[in-house]
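Below is one structure, written out as structure tokens; comments come after it.
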2 protein chains.
Amino acid sequence: MTDFLAQRDSWSTANCSIARALEVVGNRTTLLLLREASFGTRRFDDFARRVGVSEPVAAARLKQLVADGLLDRRPYREPGQRTRDEYVLTAKGRDLLPVLVALRQWGDAYAADEVGPSVLVTHHDCGADVRARLRCDAGHDVPADELAVLPGPGLRPS
Amino acid sequence: MTDFLAQRDSWSTANCSIARALEVVGNRTTLLLLREASFGTRRFDDFARRVGVSEPVAAARLKQLVADGLLDRRPYREPGQRTRDEYVLTAKGRDLLPVLVALRQWGDAYAADEVGPSVLVTHHDCGADVRARLRCDAGHDVPADELAVLPGPGLRPS
DNA sequence: TAGCTGGCTTTTGTTTCCCTAAGTCAGCGC
DNA sequence: GCGCTGACTTAGGGAAACAAAAGCCAGCTA
């Protein structure tokens, strides 16, 4: 980490994966729409109402999420209803679930109601609470102070 | 999940932990400043330059992060230099690391350079890559399709 | 004590995000 | 074929976030 920090100024943040991810989801409304999609919401006006956002904004953000490949838009038909479009998470969108779980976990710990969180996320198979944990590929749980940051192959001089 | 969705409209998102977390960190610059803090950056102008943000914005966001308890501001002194203030992560701020790791992971997978990510996060003790994983308290790894969402104690009627 | 440097603040202007209110359009039920 | 409903789009405007440029101030160094 010390070595890393010493050469920290030799490269730019142009290739930072966090910054790039935030260009796609770095905005409140987008993440809340993904929350709703993960809850199973599919219809346009449900998204707008449940997220608490106006229709023009919901339309613009949903369109962008489809363009970015996080949501899939496809026609569906309920009996006795006309054909509609629904929005469902793609694999790319589902892969953001750890971000949402980690945010919820932090919010539960530091910004929740006194009575507790409004939503519980559990493991469907066993009923236990689900958390986002840092683990290394060798299988260890990794506390924050055991993280090391190193320059990677995509490092660019600034 | 189906039961949950059926009653989804009976409560509001006023007590959503994700929304509350996003009121603190739901903005690109704030998360990038926390990224820098997690890399070990401490000085004001290093934050501004490395995040790529103007000084007024860096000053405002850092002040807010201190007010929110994610960063601690304290005086320090390098030999031969005058006293300065530095910004270091608090426990509350460190608890956001899973969010940053999850974002980086997603960015590495879907938005990284062809040559690879610019930064590697590893376990200091064993050198293996670190990831944010969903795990339940019973110890199982939880894939996205095994998540269940249930109403919690802080649920509010809308 | 005069200058230099780090760490901000002030000013001004632009862009992005979001709102409300109203309008459009397609298709099903009647 | 007429209205209704769901799914948007258009128009107009306010607030927040950001940038560039410049100024201020404290405390070392000389």
Side-chain angles (χ1 to χ4, degrees), chain A residues 5 8-9 12-14 16 19-20 22-37 41-68 71-88, chain B residues 8-9 13-14 16 19 22-37 40-68 71-88:
Chain A
L5 197 63
R8 174 66 182 77
D9 276 322
S12 75
T13 57
C16 172
R20 292 191 178 188
L22 290 176
E23 301 206 347
V24 179
V25 295
N27 127 339
R28 187 183 148 79
T29 302
T30 298
L31 282 168
L32 293 178
L33 286 170
L34 289 171
R35 176 199 71 188
E36 279 309 314
T41 296
R42 300 184 170 201
R43 284 173 40 186
F44 175 81
D45 59 341
D46 287 338
F47 276 110
R49 189 167 30 81
R50 292 172 182 167
V51 167
V53 84
S54 68
E55 290 177 344
V57 171
R61 295 273 162 268
L62 286 171
K63 187 175 288 186
Q64 189 61 49
L65 282 166
V66 170
D68 289 334
L71 293 181
D72 200 13
R73 179 185 182 173
R74 58 191 194 203
Y76 78 112
R77 178 88 179 261
E78 283 177 4
Q81 303 278 37
R82 69 173 219 242
T83 304
R84 294 173 185 155
D85 283 337
E86 64 177 357
Y87 299 87
V88 291
Chain B
R8 175 65 182 78
D9 276 323
T13 57
C16 172
L22 290 176
E23 301 206 347
V24 179
V25 296
N27 132 335
R28 187 183 148 79
T29 302
T30 299
L31 281 168
L32 292 177
L33 286 169
L34 289 171
R35 175 198 72 187
E36 279 309 314
T41 296
R42 303 184 168 202
R43 284 173 42 185
F44 175 82
D45 60 340
D46 287 337
F47 277 110
R49 189 168 29 82
R50 291 172 183 168
V51 168
V53 84
S54 67
E55 289 177 345
V57 171
R61 296 274 160 269
L62 285 171
K63 188 175 289 186
Q64 190 60 49
L65 282 166
V66 171
D68 289 335
L71 293 181
D72 199 13
R73 179 186 181 173
R74 59 194 194 201
Y76 78 111
R77 177 88 179 262
E78 283 177 3
Q81 303 280 36
R82 68 174 220 239
T83 303
R84 296 171 182 155
D85 285 335
E86 63 177 357
Y87 298 89
V88 291

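To find a chain, count down the sequence lines: A is the first, B the second, and so on, and within it residues start at 1. What's counted below: heavy atoms across the whole structure, side chains too, no hydrogens, waters or symmetry copies.
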A:Arg28 atom CZ, over 12 foreign heavy atoms within 6.0 Å: yes
Side-chain N,O (A:Arg73) to OP1/OP2 (D:dC8) below 4.0 Å: yes
Phosphate OP1/OP2 of D:dA16 contacted by B:Asn27 side-chain N/O (<4.0 Å): no
Interatomic spacing from CG in B:Asp68 to NZ in B:Lys63 - rounded to 0.5 Å: 13.5 Å
Atom-pair distance (CZ on A:Arg43; P on D:dC8), nearest Å: 11 Å
Interatomic distance, B:Arg61 CZ vs D:dA16 P [rounded to whole Å]: 11 Å
Under-4.0 Å side-chain N/O to phosphate OP1/OP2 contact, B:Thr29 with D:dC18: yes
A:Glu55 CD to A:Asp45 CG distance, which is reported to the nearest 0.5 Å: 7.5 Å
For B:Leu33 against B:Phe47, the heavy-atom pair lying closest together: O-CE2, 3.5 Å
Whole angstrom value for the distance that separates C1' of C:dC17 from CD of A:Glu23: 16 Å
Sugar-phosphate, base or nothing in reach of A:Tyr87, heavy atoms under 4.0 Å: sugar-phosphate
Nearest-Å distance for atom pair CD/P, residues B:Glu86 and C:dG6: 16 Å
Gap between atoms CG and P, on A:Leu32 and C:dC18 respectively (whole Å): 10 Å
Below 4.0 Å: OP1/OP2 of C:dG27 and any side-chain N or O of A:Arg84: no
A:Arg28 side chain near C:dC17 phosphate (N/O to OP1/OP2, under 4.0 Å): no
Nearest non-hydrogen partners of A:Thr29 and A:Val57, listed with the distance: CG2-CG1, 4.0 Å
Between D:dA16 (P) and B:Leu22 (CG): distance, integer Å: 18 Å
Euclidean distance, atom CG of residue A:Leu62 to atom P of D:dC8 [Å, nearest integer]: 8 Å
N/O (side chain, A:Lys63) to phosphate O (OP1/OP2, D:dT9) under 4.0 Å: yes
Counterpart residues, side-chain contact (heavy atoms from CB on, under 4.5 Å), relative to B:Asp85 (two or more places apart): B:Arg73, B:Pro75
Protein-nucleotide distance (B:Leu65, atom CG; D:dA17, atom P), rounded to Å: 13 Å
Under 3.5 Å, which N/O atoms of the protein pair with N/O atoms of nucleotides 19-21 of chain D?
unit_1 : atom_1 : unit_2  : atom_2 : d
D:dA19 : OP1    : B:Gly52 : O      : 3.4
D:dA19 : OP2    : B:Ser54 : N      : 2.9
D:dA19 : OP2    : B:Ser54 : OG     : 3.0

Distance in Å, B:Arg61 CZ paired with B:Gln64 CD, rounded so as to fall on 0.5 Å steps: 7.5 Å
